[in-house]
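Mind having a look at this structure? Questions to follow.
Quick caveat: nothing in here was measured; it's all calculated off a predicted structure. All ligand and atom numbering here is 1-based and tracks the order in the structure.
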Amino acid sequence: MSTKGNSKNVPAHIAIVMDGNGRWANARGLTRVEGHKAGEIALMRTIDAAIKAGVKYLTVFAFSTENWKRSPEEVKFLMNYNREVIRRRSSELDSWGVKIKWVGRRPKLWPSVIDELKAAEKLTAKNTGTVLTMCVNYGSRIEIVDAINQMRADVASGKLADKPITEKSLGKYLLTKDLPDVDLFIRSSGEQRISNFLLWQSAYAEFVFVDVLWPDFDAEHLNAAIDQYAGRNRRFGGAVDAPKPASKRVGKAQKSGSKG
Ligand code: FPP
């Protein structure tokens, strides 16, 4: 199936856990740092492929709230590298029409990284192409806890009416309030985990786990994942009663009627 151009089967929002930089490097006798450098190239070609496929929102996990547990050397490298990558790549991404957004928490995050992310947001603010959201110092559970605490504070100060919380009202307090739900969630490296990435936003995402380490991820992997997505039957909890004629029944293992 072709994924070229914008068809209705192209997911509007793809989220990616770019996993496997360290293993890719170590398998080659290199340091983890070299793996992250190769990861940058993979990220750029993935953004290019996503634009060509017609993906409107691409959200990538660059640094999690749990990544502070890594060695001080790797944390320092990743902070510096995030800042450097954003600085070096912003104008290129701008020329591709990409709108860069940062999603993440301020506490602990290096101010120089925040400054660079904010500068990239400003530079690309008027672009109307693919929205690239860089999740830097992001964790989904703390995002939800922060949202609830902010709602409590806003109720206390009279800014928010003291009414029961709804999915819609909570959604407006999430860091991702400007993003639609995730349609396709991709993780590279063969690991099959969410790792605290976009839990709320991926409630009905389709998951594709790609058995390749992130530095080897390319346009073919992205397009293959999009093709898998296009072939899935998304029901969002609903179900359609479509009994097969007797001659086509497959016994008890009927697909419909699952939890969606
Ligand atoms: C996961 O691989 C990757 C990260 C924690 C960082 C992602 C960083 C990049 C893709 C580098 C370039 C992009 C930016 C935005 C700086 P891992 O280190 O967990 O690999 P492992 O599971 O093999 O140890």
Exercise for review: Please confirm whether Ala62 comes within less than 3.5 Å of ligand 1 when only nitrogen or oxygen atoms on both sides are compared.
Suggested key: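 Among all N and O atoms of Ala62, none is under 3.5 Å from an N or O of ligand 1.
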Review point. Does a donor on one side chain sit under 3.5 Å from an acceptor on the other, for Trp110 and Asp115?
Key: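 The answer is no; no qualifying pair exists.
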Review point. Can you tell me the protein heavy atom closest to atom 20 (O) of ligand 1 and the distance?
Key: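 The closest heavy atom on the protein side is Gly22 N, 3.0 Å.
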Exercise for review: Assess Arg28 against Trp24: is NZ or CZ under 6.0 Å from the centre of the six-membered ring, and within 45 degrees of the ring's axis?
Suggested key: yes
Check your understanding: What protein heavy atom is closest to atom 14 (C) of ligand 1, reported as residue, atom name and distance in Å?
Key ->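 Answer, as residue, atom name and distance: Asn82 OD1, 4.2 Å.
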Review point. With only distance considered, is Tyr81 within less than 3.5 Å of ligand 1 through an N or O on each side?
Key: no
Exercise for review: Answer yes or no: is there a donor N or O on one side and an acceptor on the other, between the side chain of Asn80 and the main chain of Lys76, under 3.5 Å?
Suggested key: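 Here the side-chain-to-backbone pair exists.
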**Study point:** Shortest protein contact, atom 11 (C) of ligand 1 (heavy atom only)
**Key:** His36 O, 3.3 Å
Exercise for review: Would you check if there is a donor-acceptor pair between the side chains of Thr65 and Arg105 at a distance under 3.5 Å?
Suggested key: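 No pair is found: no donor N or O on one side chain lies under 3.5 Å from an acceptor on the other.
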Review point. Donor-acceptor pair, Arg32 side chain versus Glu74 backbone, under 3.5 Å?
Key: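 Here the side-chain-to-backbone pair does not exist.
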Exercise for review: Within a distance under 4.0 Å of any heavy atom of Arg23, pick out the atoms of ligand 1 and give their elements.
Suggested key: 21 (P), 22 (O), 23 (O)
Review point. What is the closest protein heavy atom to atom 19 (O) of ligand 1, and at what distance does it sit?
Key: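 Heavy-atom neighbour on the protein nearest atom 19 (O) of ligand 1: Arg70 NH2, 2.8 Å.
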Exercise for review: Classify the angle between the aromatic ring planes of Phe197 and Phe61 as parallel (below 30°), tilted (30 to 60°) or perpendicular (above 60°).
Suggested key: parallel
Point to revise | ligand 1 contacted by Gly20 (non-hydrogen, < 4.0 Å) | key: yes
**Study point:** Check against side-chain contact (heavy atoms from CB on, under 4.5 Å), Met44 and Leu93
**Key:** CA-CA 9 Å; Met44 292 305 286; Leu93 291 169; 3.8 Å; yes
Review point. Closer than 4.0 angstrom: is that true for some heavy atom of Met134 and an atom of ligand 1?
Key: yes
**Study point:** For ligand 1, the portion of Trp214 having any non-hydrogen atom under 4.0 Å away
**Key:**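 Looking at Trp214 and ligand 1, just side chain atoms fall under 4.0 Å.
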Check your understanding: Applying a strict 4.0 Å limit to heavy atoms, is Lys37 in contact with ligand 1?
Key -> no
**Study point:** ligand 1 versus Glu84: contacting region, heavy-atom distance under 4.0 Å
**Key:**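 Neither part.
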**Study point:** Flag for Asp183-Tyr204: side-chain donor and acceptor within less than 3.5 Å
**Key:**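 Distance-only check fails for Tyr204 and Asp183.
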Point to revise | Residue, atom name and distance, where the atom is the protein heavy atom closest to atom 1 (C) of ligand 1 | key: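 The protein heavy atom lying closest is Met18 O, 3.1 Å.
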**Study point:** Distance, nearest 0.5 Å, that separates OG of Ser157 from CZ of Arg152
**Key:**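 Going from the OG atom of Ser157 to the CZ atom of Arg152 covers 12.5 Å.
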**Study point:** Short N or O distance, Glu40 and ligand 1, threshold 3.5 Å exclusive
**Key:**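 N/O-N/O distance below 3.5 Å does not exist for this pair.
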Review point. What is the nearest protein non-hydrogen atom to atom 8 (C) of ligand 1, stated with its residue, atom name and distance?
Key: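 Looking only at protein heavy atoms, the one closest to atom 8 (C) of ligand 1 is Asn21 ND2, 3.6 Å.
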Study note, to complete from the structure: When distances are taken from atom 13 (C) of ligand 1, the protein heavy atom at minimum range is Leu43 CD2, 4.0 Å
Practice item. With heavy atoms only and a cut-off of under 4.0 Å, state how Asn67 meets ligand 1: side chain, backbone, both or neither. Key: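 Only the side chain of Asn67 comes within reach of ligand 1.
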Point to revise | Polar side chain donor-acceptor pair, Asn21 to His36, under 3.5 angstrom | key: yes
Check your understanding: Can we say Lys118 and Glu121 salt-bridge, meaning some charged N sits less than 4.0 Å from an Asp/Glu carboxylate O?
Key ->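 So Lys118 pairs with Glu121 through a salt bridge.
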